[in-house]
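Quick caveat: nothing in here was measured; it's all calculated off a predicted structure. Note on naming: letters A, B, ... go to the chains in the order of the sequence lines (proteins, then strands), and numbering restarts at 1 for each one.
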Amino acid sequence: MTPEALADLVRTAVAQLLADRGLDATSLPAQVTVERPRNPEHGDYATNIALQLAKKAGVAPRDLATWLAEVLRSQKAIAKADVAGPGFINLTIATEARGAIVEDALEDGYGTGTELAGKKINLEFVSANPTGPIHLGGARWAAVGDALGRVLEARGAEVTREYYFNDAGAQIDRFVRSLIAAAKGEPAPEDGYAGTYVSDIAAEVLRREPGALSDPETVRKVGVGLMFDEIKRSLHEFGTDFDVYFHEDSLHQDGRVAEAVERIKANGALYEKDGAWWLRSTDYGDDKDRVVIKSDGAPAYIAGDIAYFLDKRARGADLCIYMLGADHHGYVSRLKAAAAALGDDPATVEVLIGQLVNLVSGGQPVRMSKRAGAVITMEDLVDAVGVDAARYAMIRSSVDSSLDIDLDLLRKHSNDNPVYYVQYAHARTSSILRNAADLGITPGEDFALLTHEREGDLIRTIGEFPRVVATAAELREPHRVARYLEELAGTYHRFQQDCRVLPRGDEETTPLHQVRLQLVNATRRVFAAGLGLLGVAAPERM
RNA sequence: GCGCUCGUAGCUCAACGGAUAGAGCAUCUGACUACGGAUCAGAAGGUUACAGGUUCGAAUCCUGUCGAGCGCGCCA
């Protein structure tokens, strides 16, 4: 019996109980969940449904729990149902019913679901300014955003990954001036960009267009193009590719910005003050209203965002998710207000704010000075620890917390990264499967033989996978998958320590060997699927 | 000053309002004729920044204080 099936069973039992006792059943939640109790002595699963319903039903929680436990005990698949504490019900699954979990895990697509089926999600992340390489912060969004996209897809969503190139406006002008200065061998402009990448790109521009210095427009075109390529290449090497690389400039060129502005103006969503046109972003929590059309008639930056949102919706997105760094948290209200001004539902805008990545060395924070070009890039991180360790370090913690990265520590103790703990567990399962194949041993299905405590732990943990992925998708928190894999790895390592899978040299192959082999097989598949969701390799040997 | 986010073991971080707050690293003690020891068993480490409140139950929700990061342009 899988936890999902158990939850359904509990729900049915509750509904029946409420009806039998003539209690108010309207408060029964649509979804009843069972949880893994922290303390294994409490049983395989626990439900607090009696606590949730007691007050509404007008019954003492323990009474309700006692009645419910009685109903549940009559089920064949449930070996034990005990009331505990204020009204928890602890449930233990019959040993012979646990095989369903292993069988599920052996199916293709274990962990996937359909609750997001038919939902088109536009997922925008990274979107770093194309005036330099991706930094540590961008690496965090690249890893987390990519993993989130995979998790959402696993639960049925149709995801478009998108990178918004801010290639219009003053910062690009500064970048181009920096390129020209570098090409002439002059120092970077006061408000420009330094760093070797600037001179590298400047040199490449001159190599391709020797006469470029006389034509700033050529420098812009070629130089910015090279920067785009560089960013795409480094992201690709990081394992993150986008479906759409969107150029802000294109919105201005073909009139979509003007069109969007006209539309919200016609909606009466803008007001005029001091010769400019303003958006009422304060209605959505902003500090102050924002200018959309400047008094000189030119569109402000936010006008591009409005047109971009309109374009995403026109391309069919039901939901637009923006992953932004904490330094952009002010955008939340503006983007919501923009959607409302267009006559759209602000709920189609979902902004995820992630805290920043700090670089530390020897416990001291290191200031990354962009002006001096003294920055740690995503590529530096990958060079130091490799793609898998870099991605994993970024993904495994919640984006709600700022993250401290100590490069020296990572370099020195690269094996300390929990990713190796997980990958090694996968490699061990692969090794056993290889050995079994060499010995000609085939998996068995006599799950009732799996009575060892470690086997039960492993089966229960495998059974959690689909719900972990579902929760990660629902809460937009891919780090849950990473944490789950660490738990699974620990459970597996302990299993392999205590439970011999293959027969030793002088032993005959028994059905227990064979069913354990099947359990290892299922475990390996969950590791592979979980690591796949994170975009991290699942090596068969290390 | 106002706003947003955060504050959990020595360090890096978990814990969708649930039971005794968990992992890894670092420290200490054990298991090596090992289906791969990149592993396992155990010890030690906490007033979840602080003070109130709500709740059967709070690290989690509410209020205040302290501390940290970020944001407060007709820049992009």
Categorize [X] for me: base, sugar-phosphate, or nothing, with a 4.0 angstrom heavy-atom threshold over every strand shown.
X: A/Ala84; value: base
X: A/Ser295; value: base
X: A/Asn90; value: base
X: A/Ile432; value: base
X: A/Ala276; value: base
X: A/Asp287; value: base
X: A/Asp274; value: base
X: A/Phe495; value: nothing
X: A/Gln423; value: nothing
X: A/His42; value: base
X: A/Arg334; value: base
X: A/Pro61; value: nothing
X: A/Asn166; value: nothing

Whether the [X] and [Y] side chains hold a donor-acceptor pair (N or O, under 3.5 Å, no angle test) is what I'd like checked.
X: A/Arg500; Y: A/His513; value: no
X: A/Asn90; Y: A/Tyr45; value: no
X: A/Tyr420; Y: A/Asp388; value: no

Does the side chain of [X] get closer than 4.0 angstrom to OP1 or OP2 of [N] through an N or O atom?
X: A/His493; N: B/rG36; answer: no
X: A/Ser431; N: B/rG36; answer: yes
X: A/Lys294; N: B/rG73; answer: no
X: A/Ser398; N: B/rC6; answer: no
X: A/Arg480; N: B/rA15; answer: yes
X: A/Arg428; N: B/rG36; answer: no
X: A/Arg36; N: B/rG18; answer: no
X: A/Tyr420; N: B/rU39; answer: no
X: A/Lys55; N: B/rC56; answer: yes
X: A/Asn48; N: B/rC56; answer: no

Answer with yes or no after comparing the ring centroid distance for A/Phe246 and A/Tyr308 against a 6.0 Å cut-off, counting only values under it.
yes

A/Asp400 atom CG is separated from B/rC70 atom C1', nearest whole Å, by 14 Å

